There are 2 protein chains.
Amino acid sequence: MDLIAIYKCLCDQTRLRLVHLLTQGPLCVCHLQSILGAPQVAVSKHLAYLRERGVVESQRHEQWMIYRLPNKPQPELEMQLRCLQDCVQTHLVFREDLKKLKKIRSDCDWLEDVVATQRTARK
Amino acid sequence: MDLIAIYKCLCDQTRLRLVHLLTQGPLCVCHLQSILGAPQVAVSKHLAYLRERGVVESQRHEQWMIYRLPNKPQPELEMQLRCLQDCVQTHLVFREDLKKLKKIRSDCDWLEDVVATQRTARK
DNA sequence: GCGGTATATACTTATGCGGTTATATTGGAT
DNA sequence: ATCCAATATAACCGCATAAGTATATACCGC
């Protein structure tokens, strides 16, 4: 059942934080890595796990891999994404991740450009 | 994080079906067992797993153990219970479980009595 | 080409967990 | 006290998976 696959994806703290961060928009591995403070191989493997199950998609941009949530996630995933939004208030980790994300975004303008480029490319 | 514990509880098909059935009200192990069609030891172990994590509560009534969801589940669990309701429509397993549950309830009136007794006892 | 950065994969190890079998516990009936 | 039904626990096996280390691949700039 796909519902269970989604629960399996979200029942690990690293993956849950990854998915939560990606609800804010596409991100490259190195940024995810620096926000989580996790070793590169861990981030990469968890992203692969999510990708294999259709929870995230990836696309290369030059030397960076940009990960994103699918445009139209399956309904079961969408429900969980909504739940995640509600959890941001009550769970400190998520809020801190968001803070770090904002900082990264402000430090690095090219990220916006990349995302914009890919978004238009897909239309 | 408790959110993750809940995802771990729900990421197994047997446990997910158990939790879903208990949203309909308290049930004893033998009924859960006959609805799931799973071996007794499996049901018992999964219920223990859920109990240890506060997702279900249990109470002995004569020779039967009655399992139920807590009166006031933690908010994270409540969100998932709401999601589960939405999934009933799209997931056949749940609907079939409900059908079997209705049949059992109609075959066995003492269940209602037990539940009623325990409910009033707790007030 | 080479070196560096970003990312993925292979391999190993340790752990948790699901399934199975066997046994223990609890309560009711006789 | 004995037997049975309902349920839980223990002991085992096998598998998935998380973490760590090392290595490979892909792209870029020179």
Side-chain angles (χ1 to χ4, degrees), chain A residues 1 4-19 21-22 26-53 55-68 104 107-108 110-111 113-115 117-118, chain B residues 1 4-19 21-22 26-53 55-68 104 108 110-111 113-114 117-118:
Chain A
M1 199 159 37
I4 296 190
I6 290 180
Y7 282 133
K8 286 198 173 150
C9 285
L10 301 181
C11 74
D12 173 90
Q13 170 134 354
T14 305
R15 286 197 294 265
L16 189 58
R17 289 169 72 194
L18 286 171
V19 171
L21 281 167
L22 291 176
L27 283 167
C28 71
V29 179
C30 57
H31 287 158
L32 290 167
Q33 181 183 341
S34 84
I35 294 173
L36 295 190
Q40 179 265 322
V41 62
V43 176
S44 188
K45 276 203 292 189
H46 282 300
L47 285 170
Y49 184 105
L50 292 170
R51 183 165 23 85
E52 286 157 11
R53 286 153 184 84
V55 171
V56 305
E57 297 171 354
S58 66
Q59 191 175 354
R60 181 176 284 279
H61 176 83
E62 297 170 359
Q63 46 210 307
W64 300 280
M65 289 294 288
I66 312 289
Y67 279 83
R68 65 176 73 240
I104 282 184
D107 287 357
C108 132
W110 66 262
L111 181 59
D113 301 343
V114 169
V115 170
T117 314
Q118 292 203 358
Chain B
M1 198 159 41
I4 296 188
I6 291 181
Y7 281 134
K8 285 197 177 153
C9 284
L10 301 181
C11 76
D12 173 89
Q13 170 134 354
T14 304
R15 287 196 294 266
L16 189 59
R17 290 170 71 194
L18 285 171
V19 171
L21 281 167
L22 291 175
L27 283 167
C28 71
V29 179
C30 56
H31 287 158
L32 289 167
Q33 183 182 340
S34 84
I35 293 173
L36 295 190
Q40 180 264 324
V41 63
V43 177
S44 189
K45 273 205 299 184
H46 282 301
L47 285 170
Y49 185 104
L50 293 171
R51 181 165 25 83
E52 287 157 11
R53 286 155 185 83
V55 171
V56 305
E57 297 171 353
S58 65
Q59 190 174 355
R60 180 176 284 279
H61 175 83
E62 296 171 358
Q63 47 210 306
W64 299 278
M65 287 294 288
I66 311 290
Y67 278 84
R68 66 174 74 240
I104 282 185
C108 133
W110 65 263
L111 181 58
D113 301 342
V114 170
T117 314
Q118 292 203 358

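Reminder, nothing fancy here: chain letters follow the sequence lines and each chain counts from 1. No experiment lies behind these values; they were computed from the predicted model shown.
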Six-ring centre of B:Y49, B:R15 cation under 6.0 angstrom, axis tolerance 45°: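 That pair qualifies as a cation-pi contact.
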Can you identify which nucleotide, out of [options], has its nearest atom closest to the [X] side chain?
X	options	value
B:Y67	C:dA6, D:dA8, C:dC17	D:dA8
B:Q63	C:dT7, C:dG27, D:dT7	C:dG27
A:V41	D:dA6, D:dG20, D:dC27	D:dG20
B:D12	C:dT9, D:dA8, C:dG18	C:dG18
A:P39	C:dT9, D:dT7, D:dG20	D:dG20

Take atom [atom1] of [X] and atom [atom2] of [N], then tell me their distance rounded to the nearest Å.
X	N	atom1	atom2	answer
B:Q59	C:dT26	CD	P	17 Å
A:Q13	D:dA19	CD	P	10 Å
A:R60	C:dT5	CZ	C1'	11 Å
A:K8	D:dA18	NZ	P	10 Å
B:L32	D:dT7	CG	P	9 Å
B:I4	D:dA18	CD1	P	11 Å
B:E52	C:dG16	CD	C1'	13 Å
A:L50	D:dT17	CG	C1'	14 Å

Residue met sooner reading DNA chain D from 5', once A:E62 and A:Y49 are mapped to nucleotides: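 Here A:Y49 is the residue nearer the 5' end.
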base_contact_polar (D:dA6 base, B:Q40 side chain, donor-acceptor, <3.5 Å):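 By the distance-only test, no, there is no pair.
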Quiz item: B:K45 side-chain donor-acceptor pair to C:dT20 base, under 3.5 Å: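 Side chain to base: pair found, below 3.5 Å.
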Side-chain N or O of B:H46 closer than 4.0 Å to phosphate OP1/OP2 of C:dG19: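 Answer yes for this pair, as a side-chain N or O of B:H46 is under 4.0 Å from OP1 or OP2.
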Short side-chain N/O contact to D:dA18 OP1/OP2 from A:R15, under 4.0 Å: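 For D:dA18, OP1/OP2 do have a side-chain N/O of A:R15 under 4.0 Å.
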Audit row: A:Y7, B:L16, side chain to side chain contact (heavy atoms under 4.5 Å, CB included) steps and yes/no: CA-CA 10 Å; A:Y7 282 133; B:L16 189 59; 3.9 Å; yes
Main-chain N/O of A:K8 paired with A:R53 side-chain donor or acceptor, under 3.5 Å: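 No, the answer is negative, given that no donor and acceptor are paired below the 3.5 Å cut-off.
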Student check: side-chain heavy atoms of B:W64 and B:V29 closer than 4.5 Å: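 The answer is no; the side chains never approach within 4.5 Å.
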Closest heavy-atom pair and its distance - B:H46, B:D12: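 What the structure gives for the nearest pair is CE1-OD2, 3.4 Å.
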